[in-house]
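To start, the structure under review is shown below, and the notes come after it.
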2 protein chains.
Amino acid sequence: MIREKLDKFYSFVFEKELLDEIEQVGIYKKLRDGELLVDLGDQMKGVPLLLEGAIKIVREDKKGEEILLYFLEKGDTCASSFASAISNGKCGIRAIAEKDSEIIFLPKEKLDEWLVKYKSWRNFVIDSYNIRLNEMMETIDTLAFMKMDERLYKYLTDKAQILRETTLNTTHQDIAYDMHTSRVVISRLLKQLENEGKIRLYRNKIEILEF
Amino acid sequence: MIREKLDKFYSFVFEKELLDEIEQVGIYKKLRDGELLVDLGDQMKGVPLLLEGAIKIVREDKKGEEILLYFLEKGDTCASSFASAISNGKCGIRAIAEKDSEIIFLPKEKLDEWLVKYKSWRNFVIDSYNIRLNEMMETIDTLAFMKMDERLYKYLTDKAQILRETTLNTTHQDIAYDMHTSRVVISRLLKQLENEGKIRLYRNKIEILEF
DNA sequence: AGCGCTTTGTAACAAATGTCACATAGTAAT
DNA sequence: ATTACTATGTGACATTTGTTACAAAGCGCT
């Protein structure tokens with residue numbers, strides 16, 4: 001069962017021997033929608049491989065203000081926790097399940113060992129870091145170059161793609177938290193997007209009409 | 001001479017054997033202030049280790065708009081080019097010397113080989129990625145949570161620290177490019193900082209009075 | 001000193017975003 | 001149906017940031 005999912009997403013990524021090892025030492029865990037996987041300042045004892053679902057990665061500053069960094073999908077891992085695990089440092093982010101998800105938790109003792117043993121693991125780790133760096137750059141582009149209305153539309157379509165749904169169950173306030181702005185601003189711009197025919201608004205629900 | 005500098009910054013980081021190898025295959029290069037080291041879309045044939053000086057890493061979008069990501073100092077390497085080198089992908093950033101600098105260029109063929117052979121190399125690579133991820137998160141914090149005046153002051157003090165100078169030789173226009181805003185805005189806020197007694201303004205020069 | 005060029009200062013205005021206050025609508029529970 | 005609560009809509013206004021236009025200052029050159 002676990003092996004099936006492991007094979008499904010990782011058999012083209014990892015050697016058979018590595019998959020065997022992962023099956024042996026990995027700890028399978030189910031996450032429910034909204035569940036907290038990693039919190040700010042946590043000291044990771046390993047890294048999570050995402051088998052199923054979606055995870056939201058959020059940054060928070062001292063004052064408790066939040067901003068969404070990016071989403072993880074199946075096949076992804078959290079590079080930031082890799083860092084934290086291997087160097088015994090603290091994790092600078094918060095990870096929250098965006099829907100019911102399944103992960104395999106890999107204990108940190110193996111992480112370095114596998115770097116030596118498996119070329120596929122080396123590639124995976126490097127790739128993960130690269131994907132994350134690029135994701136961060138995209139976030140920076142978004143913040144630096146785009147106006148709120150564009151950012152909002154990108155947020156909606158990105159989220160819909162990650163969740164594989166054209167209708168998002170969310171409130172204006174939640175979006176405002178993710179984008180680090182106020183509810184009123186979001187309501188205003190959503191209404192604008194609705195008038196442009198790109199979305200349709202309901203209570204607790206936003207339908208995306210145009211991608 | 002090269003070996004001296006290599007030893008100076010890296011002898012506590014790398015094993016002697018690795019230092020020997022780096023000395024053998026590494027290509028030493030001097031960069032002059034303002035020289036372009038990596039451009040957008042470059043396909044890296046290796047990674048640079050910074051021996052001396054400071055390098056500015058900049059992001060550019062399609063429209064040619066720029067924003068500063070962070071600075072590299074001696075002892076740093078460019079994680080983004082590591083990515084690009086090992087995966088044969090393109091580099092999403094631009095790297096420009098902020099002052100006269102010296103680097104050693106490591107050919108990409110060795111990068112993976114060393115991951116297997118040297119634990120210190122593995123640590124270095126992982127650390128570099130982590131430092132860079134954290135740097136990016138700080139940039140995101142800055143963009144998401146800070147107002148222009150705070151960002152500007154942070155920019156000035158950060159740059160002064162990197163260059164180890166309390167007086168920056170720069171124009172308002174250059175700052176505006178780095179921060180992706182207009183010259184008028186920068187002039188306005190600089191004047192404000194001067195009135196608050198934090199800096200003093202001259203032509204082509206800004207003295208920082210308070211850190 | 002006079003000229004040409006770059007840099008800086010500033011006023012006036014425009015646009016984007018944030019804030020406050022309050023009305024209205026939807027939903028669940030009784 | 002009434003009540004209580006949450007979510008959304010919207011006007012009015014404040015603040016921040018961006019834009020335009022132009023003046024003034026600094027500096028090198030002759």
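Convention: sequence-line order gives letters A, B, ...; per-chain numbering from 1.
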- Message: What is the distance, to the nearest angstrom, from the CZ atom on A/Arg200 to the P atom on D/dT8?
- Response: 17 Å
- Residues from residues 182-198 of chain A sitting under 4.0 Å of DNA chain C, heavy atoms only? A/Ser182, A/Val184, A/Val185, A/Arg188
- Message: From CG of A/Asp149 over to C1' of C/dT17, roughly how many Å is that when rounded to an integer?
- Response: 11 Å
- A/Leu201 CG to C/dT24 P: how many Å, rounded? 20 Å
- Provide, to the nearest angstrom, the distance between the CZ atom belonging to A/Arg203 and the P atom belonging to C/dG26. 9 Å
- Message: Tell me whether A/Lys198 forms a cation-pi arrangement with A/Tyr153, defined as NZ or CZ under 6.0 Å from the six-membered ring centre and within 45 degrees of its axis.
- Response: yes
- Query: What residues in residues 137-148 of chain B put a non-hydrogen atom under 4.0 Å from any atom of DNA chain D?
  - Reply: B/Lys147, B/Met148
- Message: Restricting to non-hydrogen atoms, name the atom on B/Cys78 and the atom on B/Ile93 that form the minimum distance, rounded to 0.1 Å.
- Response: SG-CD1, 4.2 Å
- All heavy atoms of A/Leu163 vs all of A/Ala54, minimum pair found to be CD2-CB, 4.0 Å
- For B/Glu210 and B/Thr157 the tightest heavy-atom approach is O-CG2, 4.3 Å
- Message: The side chain of B/Thr181 is closest to which nucleotide in this list: C/dT8, C/dG18, D/dG18?
- Response: D/dG18
- Item | B/Leu152 CG to C/dT8 P, straight-line distance once rounded to whole Å | 13 Å
- Task: Using a strict cut-off of less than 4.0 Å between a Lys/Arg side-chain nitrogen and an Asp/Glu carboxylate oxygen, indicate whether A/Glu196 and A/Lys191 qualify as a salt bridge.
- Result: no
- Salt-bridge criterion met for B/Lys90 and B/Asp42 (N-O under 4.0 Å): no
- Message: Looking at A/Arg59 and A/Glu65, is there a salt bridge between them, counting it only when a charged N and a carboxylate O are closer than 4.0 Å?
- Response: no
- Query: About how many Å separate CG of B/Asp141 and CD1 of A/Ile67, when rounded to the nearest 0.5 Å?
  - Reply: 9.0 Å
- Rounded to the nearest Å, what distance is computed from the CG atom of residue B/Asn204 to the C1' atom of nucleotide D/dC27? 9 Å
- Task: Compare side-chain N and O positions of A/His172 against OP1 and OP2 of D/dA7 and report whether any pair is under 4.0 Å apart.
- Result: no
- CD of A/Gln173 versus C1' of C/dG18: gap in Å, rounded? 14 Å
- Item | Integer-rounded Å distance: D/dG26 C1' and B/Ile206 CD1 | 16 Å
- Taking NZ, NE, NH1 and NH2 as the nitrogens, is one of them in A/Asp39 or A/Arg94 under 4.0 Å from a carboxylate oxygen of the other? yes
